[in-house]
Protein chains: 2
Amino acid sequence: MEILIAEDDEQIANSLRKNFAEDGNPVMIAKDGEEAIHFLKSISFDVILLDWRMPKVSGIEVCRYIRESGSKVPIILLTALSQVKNKVEALNLGADDYVTKPFSFDELAARINAVVRRYQSNTNELIFNDITLDLIGRKVKTPRGEIYLSGKEFDLIKYFILHKGSIMSKEDICKEVWGVNFVPSTNVVEATVKNLRRKIEDNYGKNLIKSIYGEGYLFIVE
Amino acid sequence: MEILIAEDDEQIANSLRKNFAEDGNPVMIAKDGEEAIHFLKSISFDVILLDWRMPKVSGIEVCRYIRESGSKVPIILLTALSQVKNKVEALNLGADDYVTKPFSFDELAARINAVVRRYQSNTNELIFNDITLDLIGRKVKTPRGEIYLSGKEFDLIKYFILHKGSIMSKEDICKEVWGVNFVPSTNVVEATVKNLRRKIEDNYGKNLIKSIYGEGYLFIVE
DNA sequence: GTTAAATATGAATGAATTTTCATTATTGTT
DNA sequence: AACAATAATGAAAATTCATTCATATTTAAC
């Protein structure tokens, strides 16, 4: 989980970085709001922690900037200001949570999990590496352009990405993609996999769907 | 916004009810966790406030019950327990926020707005009267059963519901449903409207799509 | 290496959807 | 009421998609 921390107090920033690193989460630190906005223009994060008081551009202004740019990324304000009117202002501006210093790292981590969980469980995108499924528009986007998939192919790649990294039996795939009471007497599944493979490969260069002899398919995670 | 409050302290409960009522939000009060679960079985709320310590069933158990039943409704724990381990436990169980007593009503209201905003902005359903579009499953549900729509028909009814109550020109409909650079030389739009009308009428009894001579279509809101 | 089972593939079929088109019906205006 | 413009309709044509089938290739086990 990529985390952006905008915090001018080096001690706090480094302590957070250390804690997150222990949990295996890479952290990027911006020393003021201006730098945070600079990072945000080119990198996408899973959650953003903002100190309120920072040089140049304040956390609350960064928050406003993010929301005005249309992003829904989870934002947590992280500040010494404990007055109700500050909290209300931040939350109304689109922040997802507000934690006052000093705080416990465990609580912060739990709050981050809560907002990220909510964000991801309700998002309309399914992302795998640089392949993004737009679940509502039913489009597949990659840096190399859009992949045009038919309905069944889209359902199939969605199932694959949702179960990436583990072997999926053909029976289970069938149940989910073709419907509970559909028992194929032919090789529809294989045929659809074939077509999907071709389209991914055309766009992606390599194939991501591996066959496991006698067991099913595996969507590869590197 | 329908709010459920589970709180055994009558004074707190009534004070909250009064405050929410001033903002025009109807409130339902459960005096313990058991009653809260009872309400939840038949009524749907926009947000749920749970006291941790309550007779019979605790707030944290209600929270667990809600998440296990598959609901994603926003939940805020509202308690005197301020220890970090309690907060962490609640948030990890699926609560969206945790507010410790005593709290300011303004802050609580702002936190409610934050979680509800997040919840609603990312919902995958489009509801009109008793017609529900499942935007991801691309299904249309009504109390009289499911309506089976083809791709174009689904896109069209989605556009209609999003713009209900105002006249939609055929050019605008075309742009959105068929794509920006599609200029029909035939009456595709009318033909698709016809098919959609028939399917809605078969299920719904009456037609909801009105033609405005010379201007376009209007999806009726009573 | 052989073999049998499992999987992959290209082409053909069948079904559903989308679009077209000719005709009919409706609307607003005179 | 007559007219012209607009909209609705049924059926046909075109297209796309899902499925089937026959054949080829790959795999694991012997």
Side-chain angles (χ1 to χ4, degrees), chain A residues 137-140 146-160 167-202 206-220, chain B residues 137-140 146-160 167-202 206-220:
Chain A
R138 301 204 127 227
K139 293 176 190 304
V140 182
E146 205 167 293
I147 309 181
Y148 292 93
L149 298 184
S150 75
K152 277 276 173 300
E153 287 160 5
F154 188 90
D155 291 343
L156 187 60
I157 197 175
K158 179 176 159 188
Y159 184 88
F160 278 157
I167 296 171
M168 299 160 269
S169 77
K170 286 177 187 172
E171 294 82 59
D172 288 348
I173 293 171
C174 236
K175 257 189 220 153
E176 187 77 17
V177 176
W178 275 265
V180 270
N181 33 11
F182 175 80
V183 186
S185 54
T186 61
N187 65 342
V188 234
V189 182
E190 288 91 336
T192 310
V193 167
K194 185 203 74 185
N195 293 326
L196 179 58
R197 268 181 175 147
R198 184 175 45 72
K199 289 186 183 176
I200 291 180
E201 199 155 345
D202 284 355
K206 61 185 164 183
N207 188 12
L208 296 166
I209 305 163
K210 197 173 183 320
S211 305
I212 310 295
Y213 190 88
E215 303 198 48
Y217 293 99
L218 171 67
F219 202 80
I220 297 164
Chain B
R138 303 205 126 226
K139 292 177 192 305
V140 181
E146 206 166 290
I147 309 180
Y148 293 92
L149 298 184
S150 74
K152 277 276 174 299
E153 288 160 4
F154 188 90
D155 291 342
L156 187 59
I157 197 175
K158 179 176 160 189
Y159 185 87
F160 278 157
I167 296 171
M168 297 161 269
S169 76
K170 287 178 186 172
E171 294 81 59
D172 289 349
I173 293 171
C174 236
K175 255 188 221 153
E176 187 77 16
V177 177
W178 274 264
V180 269
N181 34 10
F182 175 79
V183 185
S185 52
T186 63
N187 66 343
V188 234
V189 182
E190 289 90 337
T192 310
V193 167
K194 184 203 74 184
N195 294 325
L196 179 57
R197 268 182 176 145
R198 185 176 44 72
K199 289 187 183 176
I200 291 179
E201 199 154 348
D202 284 356
K206 60 186 165 182
N207 188 12
L208 295 167
I209 304 164
K210 197 173 182 321
S211 305
I212 310 296
Y213 189 87
E215 302 199 49
Y217 293 99
L218 172 66
F219 202 79
I220 296 164

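Chain identifiers are assigned alphabetically (A, B, ...) following the order of the sequence lines, protein sequences preceding nucleic acid strands; residue numbering begins at 1 within each chain.
In this structure, CG of B:Asn207 is placed 15 Å from P of D:dA7, rounded to the nearest angstrom. Following rounding to the nearest Å, B:Ile167 (CD1) and D:dA7 (C1') show an atom-to-atom distance of 15 Å. Taking atom CD1 of B:Ile212 as the reference point, atom C1' of C:dT27 lies 12 Å away to the nearest angstrom. Atom CD1 of B:Ile209 and atom P of D:dT9 are 11 Å apart (whole Å). As a whole-Å value, the separation of A:Asn195 CG from C:dA8 P is 12 Å. Taking atom NZ of A:Lys210 as the reference point, atom P of C:dT7 lies 12 Å away to the nearest angstrom. In this structure, A:Ile173 atom CD1 and D:dT19 atom P are separated by 14 Å, rounded to whole Å. Remark: P of D:dA18 and CD of A:Glu190 are 16 Å apart, rounded to the nearest angstrom.
For A:Tyr217, no side-chain nitrogen or oxygen approaches OP1 or OP2 of C:dA6 to under 4.0 Å. For D:dC17, neither phosphate oxygen OP1 nor OP2 lies less than 4.0 angstrom from any side-chain nitrogen or oxygen of A:Ser150. Between A:Lys170 and C:dA6 there is no side-chain polar atom (N or O) within less than 4.0 angstrom of OP1 or OP2. Proximity of B:Ser211 to the phosphate of D:dA8: a side-chain N or O atom is located under 4.0 Å from OP1 or OP2. Between D:dT19 and A:Trp178, a contact under 4.0 Å exists linking OP1 or OP2 to a side-chain N or O.
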Exercise for review: Please test B:Glu176 against B:Asp172 for side-chain contact (heavy atoms from CB on, under 4.5 Å), starting from the C-alpha separation and ending with a verdict.
Suggested key: CA-CA 6 Å; B:Glu176 187 77 16; B:Asp172 289 349; over 6 Å; no
Check your understanding: Between A:Lys139 and A:Phe154, does a side-chain contact (heavy atoms from CB on, under 4.5 Å) hold up when you go through it step by step?
Key -> CA-CA 8 Å; A:Lys139 293 176 190 304; A:Phe154 188 90; 5.9 Å; no
Exercise for review: Show your reasoning for whether side-chain contact (heavy atoms from CB on, under 4.5 Å) applies to A:Phe160 and A:Val177.
Suggested key: CA-CA 10 Å; A:Phe160 278 157; A:Val177 176; over 6 Å; no
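Within a 6.0 Å radius of NZ in B:Lys152, more than 12 heavy atoms belonging to other residues, nucleotides or ligands are found.
Within the 4.0 angstrom heavy-atom criterion, only backbone atoms of the sugar-phosphate kind lie near A:Lys152; the bases stay farther away. At a threshold of 4.0 angstrom between heavy atoms, the contacts of A:Tyr148 with the nucleic acid are absent.
Candidate nucleotides D:dA7, C:dT7, C:dT20 were compared by shortest atom distance to the side chain of B:Val188, and C:dT20 ranks first. Here the nucleotide nearest the side chain of B:Asn187, chosen from D:dA22, D:dT19, C:dC21, is C:dC21. Between D:dT20, C:dC21, D:dA7, one nucleotide has an atom nearer to the side chain of A:Ala191 than all others, and that is D:dT20.
Projected onto DNA chain C by closest heavy-atom contact, A:Gly216 and A:Arg198 fall at different nucleotides, the more 5' of which corresponds to A:Gly216. Between A:Tyr213 and A:Lys194, it is A:Tyr213 whose nearest contact on DNA chain C lies nearer the 5' terminus.
For the salt bridge (Lys or Arg N to Asp or Glu O under 4.0 Å) with B:Glu153, the lone residue among B:Lys158, B:Lys199, B:Lys194 that qualifies is B:Lys199.
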